[in-house]
Amino acid sequence: MHLRNRHKVTKAVIPAAGLGTRFLPATKAQPKEMLPILDKPTLQYIVQEAYNSGIRDILVVTGRGKDSIVNHFDHSFELEAVLAKNKDWSQLNEIRSISEKVNMFYVRQKEPKGLGHAISCAEAFVGDEPFAVLLGDDIINTQPPLIKQMIDVYERYQSSVVGLLDVPDEDVSKYGIMAGEMVEDSIYKVEKLVEKPAVEDAPSNRAVIGRYVITPKIFDILKTTKPGKNNEIQLTDALMELSRHEDIYGYAFKGERYDVGDKFGFVVANLEFGLRDAKTGKQLKEYLRKLDLDRF
Ligand code: UTP
């Protein structure tokens with residue numbers, strides 16, 4: 001075991017530089033990571049998950065047209081002055097709080113060459129430490145937060161960990177799929193990872209979803225990872241290579257996951273967050289009870 005793996009996980013990387021083509025035209029001039037789920041941008045839920053997991057240093061990988069991300073986590077002097085003048089302390093606290101609690105860092109991925117390439121842009125920020133990765137379009141609702149649970153697994157095994165979720169056959173070809181043996185409840189030792197396989201080639205239904213804890217060895221590997229599926233540098237391919245050098249574990253979590261980079265996932269997330277919200281929940285339930293579905 002490398003001594004360097006014995007660091008604590010204190011940093012997170014959020015890749016948010018993708019083009020969001022599944023969400024056009026909404027994503028033509030605004031990042032999909034800033035589309036709101038109820039009243040907060042997707043990215044804010046993700047930053048909150050990292051914060052609630054004890055992480056204070058967060059790097060967002062951004063790209064062209066993503067400046068609103070940087071502005072959102074900064075102070076907004078005009079808005080804050082108006083809210084203070086109106087003595088709207090709760091709103092003021094709400095818009096200020098997250099940006100004051102975490103140290104946000106940004107790096108630009110100059111071209112969206114794939115998730116693996118986006119991660120390689122984080123090397124200078126991460127240095128020689130293990131780090132968390134939270135995809136900018138995956139909202140995960142677990143208690144404790146999923147990335148906290150995965151950091152605990154990392155600390156016990158001193159090895160990289162990928163988040164796993166069982167997906168139905170028809171969705172297998174959308175994900176990186178894992179083959180491996182269960183070593184204890186919910187934890188698998190990864191033997192193989194395949195990026196977006198056809199269902200007949202998939203080794204299981206266990207998909208790697210948007211949470212990872214990775215050792216810094218990945219940066220050396222990414223330097224020589226060739227473009228794979230869709231001609232993009234795939235994180236799955238780099239992780240597969242990492243597994244030839246170090247053990248990797250999979251953590252099958254229990255809880256809700258919303259793929260908000262996908263239209264259906266986005267609508268479901270808004271509906272369920274709306275149903276749970278103290279202000280909109282009751283009204284929305286009544287509306288849905290009375291809704292005549294045959295009208296559509
Ligand atoms: P996705 O594949 O879901 O994002 O990547 P995408 O490419 O924007 O989506 P579509 O298929 O065109 O609709 C998952 C996460 O990785 C980031 C995305 O921003 C998203 O949060 N990503 C992806 C990057 O940061 N850089 C890339 O080159 C690709």
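Both counts, for ligands and for their atoms, begin at 1 and track the order of listing.
- Of all atoms in ligand 1, numbered sequentially from 1 with element shown, those under 4.0 Å from a heavy atom of K32 are 1 (P), 3 (O), 4 (O), 6 (P), 8 (O), 9 (O).
- Nearest protein heavy-atom contact of atom 24 (C) of ligand 1 is G18 N, 3.4 Å.
- Taking the six-membered ring for Trp and the full ring otherwise, Y249 and Y188 have centroids separated by 6.0 Å or more.
- Taking each heavy atom of G210 and D138 in turn, the nearest pair found is N-OD2, 3.0 Å.
- In terms of polar-atom proximity, F23 is not counted as a contact of ligand 1, lacking any N or O under 3.5 Å from an N or O of the ligand.
- Considering backbone and side-chain atoms together, L135 places no N or O closer than 3.5 Å to any N or O of ligand 1.
- Between F273 and Y45, the ring centre distance stays below 6.0 Å.
- Near P112, with a cut-off below 4.0 Å to any heavy atom, the atoms of ligand 1 are 28 (O).
- Taking atom 8 (O) of ligand 1 as the reference point, the nearest protein heavy-atom neighbour is G20 N, 2.7 Å.
- Of all protein heavy atoms, the one lying nearest to atom 28 (O) of ligand 1 is G114 N, 2.8 Å.
- Close approach to E33 involves these atoms of ligand 1, each under 4.0 Å from a residue heavy atom: 18 (C), 19 (O), 20 (C), 21 (O).
- Donor-acceptor pairing under 3.5 Å is lacking for the side chains of H117 and E232.
- Residue contacts with ligand 1 for D137 involve both N, CA, C or O and side-chain atoms from C-beta outward (heavy atoms, distance under 4.0 Å).
- Between E111 and ligand 1, a contact under 3.5 Å exists for no N or O pair.
- Counting only non-hydrogen atoms, the option in R22, K174, H117 that gets closest to atom 13 (O) of ligand 1 is R22.
- In this structure, CG on L235 lies 11.5 Å from CD1 on I233, to the nearest 0.5 angstrom.
- No side-chain donor-acceptor contact under 3.5 Å links S159 and E246.
- Within ligand 1, the atoms closer than 4.0 Å to a non-hydrogen atom of K113 are 28 (O), numbered from 1 in the order shown.
- Protein heavy atom at the shortest distance from atom 21 (O) of ligand 1 is P15 O, 3.0 Å.
- Of the polar atoms of V61, none of the N or O atoms is found under 3.5 Å from an N or O of ligand 1, judged by distance alone.
- Among all non-hydrogen protein atoms, the one lying nearest atom 16 (O) of ligand 1 is L115 CD1, 3.7 Å.
- Taken to the nearest 0.5 Å, the NZ atom of K32 stands 10.0 Å off from the CG atom of L24.
- Geometrically, K11 does not engage F131 in a cation-pi contact defined by less than 6.0 Å to the ring centre and at most 45° from the axis.
- Using modelled atom types, one finds a donor on one side chain and an acceptor on the other under 3.5 Å when comparing E272 with Y258.
- Ligand 1 places these atoms under 4.0 Å from at least one heavy atom of T21: 10 (P), 11 (O), 12 (O), 13 (O).
- Close contacts between ligand 1 and A118 involve ligand atoms 24 (C), 25 (O), 26 (N) [criterion: under 4.0 Å to a heavy atom].
- Which parts of ligand 1 touch Q109 is read off a 4.0 Å heavy-atom cut-off, strictly below it: atoms 24 (C), 25 (O), 26 (N), 27 (C), 28 (O).
- Considering only non-hydrogen protein atoms, atom 25 (O) of ligand 1 sits nearest to A17 N, 2.8 Å.
- Where the criterion is an N or O separation shorter than 3.5 Å, residue side chain and backbone included, G261 fails it with respect to ligand 1.
- The G136 neighbourhood of ligand 1 comprises atoms 21 (O), with distances under 4.0 Å to a heavy atom of that residue.
- A donor-acceptor pair shorter than 3.5 Å cannot be found between the side chains of N205 and D166.
- Between F105 and F125, the two ring planes are tilted [angle within 30° to 60°].
- Note on E256 versus R276: salt bridge recorded, some NZ/NE/NH1/NH2 to OD/OE distance being below 4.0 Å.
- Side-chain contact of K254 with S186: a donor-acceptor pair under 3.5 Å is present, judged by distance alone.
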